[in-house]
Amino acid sequence: MTEIVNLSNIYKSFGAVQALIDFNLSINEGEIVGLMGDNGAGKSTLLKILAGNFLPTSGNINFNGEDVVFNNPKDARKAGVEVVYQDLALCDHLTAAKNIYLSREAKRFGFLLDHKKMNETSQKLLDELNSSARPGDVVTGMSGGQRQAIAIARTRLSEPKIVLMDEPTAAVSVAQVPVILDYIRSLKKQNHSVLLISHRLPDIMEVCDRIAVMRLGEKVCDKNKSDCNPEEITGLITGAIKSA
Ligand SMILES: Nc1ncnc2c1ncn2[C@@H]1O[C@H](COP(=O)(O)OP(=O)(O)OP(=O)(O)O)[C@@H](O)[C@H]1O
Ligand SMILES: [Mg+2]
């Protein structure tokens with residue numbers, strides 16, 4: 001099995017706050033890893049390190065067999081990391097299509113923006129996600145679910161090695177949750193890996209191959225889903241169970 005990500009001995013502090021403490025995680029090609037933990041456990045910090053938003057205070061990142069330093073999100077994207085941020089990171093004053101294509105706009109003759117192509121592709125991607133968002137509409141005023149669909153659609157413009165998703169089902173309607181879970185499964189079918197951060201245990205149990213739990217910056221569990229039970233996971237998240 002090919003290992004896509006190997007994080008070893010990652011520490012991250014923000015002043016006096018130790019957000020990550022000696023964190024280790026390995027993710028294989030085509031594997032869906034669920035990452036759970038209470039508020040402030042360090043999940044988003046970990047994602048942002050892998051996405052090039054933060055440098056770790058110390059520790060090593062091996063990506064696709066090479067030791068890497070992601071100095072910025074561009075570096076990570078170039079290596080094959082696509083991200084759905086918890087806050088979605090959309091530009092409110094731009095249209096859905098412009099958000100989807102942000103920083104990789106389709107061009108004609110190498111310099112003219114190809115609005116037709118961007119609108120058509122955006123429409124197709126939004127349709128696939130069962131979203132009512134329209135490519136030409138500006139994001140201001142859109143619902144949480146529409147915004148989420150735009151952030152997810154962005155990850156479909158490339159052939160990523162891994163897609164990192166921070167709470168992709170938190171703000172969406174009941175009907176949209178299975179669509180997003182199907183999308184995650186389709187990534188696996190194409191041999192892409194997924195790191196799925198979620199507070200929703202049913203979603204994690206449904207799609208993940210492996211589940212890791214963090215508490216106060218440390219990993220307290222990392223097992224195949226078949227070896228996990230929901231009560232134990234809940235106990236690990238709250239701290240009632242120290243490790244498993
Ligand atoms: N940019 C930052 N500056 C200072 N402290 C930060 C920063 N980002 C995160 N932290 C701190 O690091 C710790 C971990 O935060 P993080 O956002 O990773 O948690 P989380 O597990 O994603 O929580 P949630 O479930 O609420 O999203 C928290 O104590 C948080 O206050
Ligand atoms: Mg978070």
Side-chain angles (χ1 to χ4, degrees), residues 5 7-27 32-61 69-76 81-90 144-145 147-152 154-155 162-172 177 180-181 184 193-208 210-223 228 230 232-244:
V5 173
L7 301 173
S8 46
N9 312 111
I10 300 284
Y11 285 77
K12 177 69 185 175
S13 35
F14 297 104
V17 176
Q18 293 217 300
L20 295 172
I21 304 163
D22 200 17
F23 194 91
N24 297 282
L25 185 70
S26 154
I27 304 174
I32 307 178
V33 175
L35 183 61
M36 302 198 77
D38 215 341
N39 296 122
K43 306 179 297 296
S44 297
T45 302
L46 184 78
L47 173 139
K48 286 178 181 169
I49 284 176
L50 202 44
N53 298 89
F54 299 145
L55 284 169
T57 305
S58 63
N60 188 62
I61 303 175
V69 176
F70 293 152
N71 282 302
N72 51 56
K74 232 182 204 169
D75 284 354
V81 180
E82 286 288 336
V83 191
V84 179
Y85 291 100
Q86 189 167 17
D87 64 6
L88 305 181
L90 300 178
R147 286 163 183 264
Q148 191 73 61
I150 293 165
I152 293 175
R154 295 190 74 185
T155 66
I162 188 165
V163 181
L164 315 177
M165 305 179 101
D166 204 344
E167 299 285 356
T169 54
V172 305
V177 172
I180 293 174
L181 297 183
I184 294 171
S193 310
V194 178
L195 180 68
L196 173 62
I197 295 175
S198 180
H199 285 284
R200 293 167 52 104
L201 189 51
D203 294 359
I204 294 277
M205 291 303 277
E206 197 174 322
V207 295
C208 293
R210 193 148 53 82
I211 302 176
V213 180
M214 304 181 66
R215 180 148 181 85
L216 303 173
E218 291 184 89
K219 191 169 77 174
V220 292
C221 169
D222 186 346
K223 315 203 262 197
C228 294
E232 185 183 50
I233 298 290
T234 306
L236 287 160
I237 292 169
T238 61
I241 301 173
K242 294 298 169 215
S243 68

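Remember, it's 1-based here, ligands and their atoms both numbered in the order they're listed. Just the heavy atoms: all of them, side chains too, but no hydrogens, waters or symmetry mates, feed the values below. It should be emphasised that the depicted structure is a prediction, and the values quoted were computed from it without experimental measurement. Here, residue 1 is the first one in the sequence, and each next residue gets the next number.
Side chain of N72 to main chain of D75: a donor-acceptor pair is present (N/O by atom type, distance under 3.5 Å, no hydrogens or angles). Judged purely by atom type and a 3.5 angstrom limit, T155 has no side-chain atom pairing as donor or acceptor with the backbone of E82.
Under 2.8 Å from the Mg ion (ligand 2) lies an N/O/S atom of Q86, whether from backbone or side chain. At a threshold of 2.8 Å, the Mg ion (ligand 2) has a backbone or side-chain N, O or S atom of S44 nearer than that distance.
Counting heavy atoms from C-beta outward, N9 and N60 have side chains that stay 4.5 Å or more apart.
Between F70 and L50, the shortest heavy-atom distance links the atoms CD1-O, 3.4 Å.
Contact residues for ligand 1 (protein heavy atom closer than 4.0 angstrom to any ligand atom): F14, V17, A19, D38, N39, G40, A41, G42, K43, S44, T45, F54, Q86, H199.
Here the NZ atom belonging to K223 is positioned 7.0 Å from the CD1 atom belonging to I233, to the nearest 0.5 angstrom.
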Discussion item. Go through it in stages, so that I can follow the logic: the residues are R210 and D222, the test is salt bridge (Lys or Arg N to Asp or Glu O under 4.0 Å), and I'd like the CA-CA distance, side-chain angles, deciding distance and then a yes or no.
Written reply: CA-CA 7 Å; R210 193 148 53 82; D222 186 346; 2.6 Å; yes
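Put simply, the residue from L46, N24, L20 that forms a side-chain contact (heavy atoms from CB on, under 4.5 Å) with L7 is L46.
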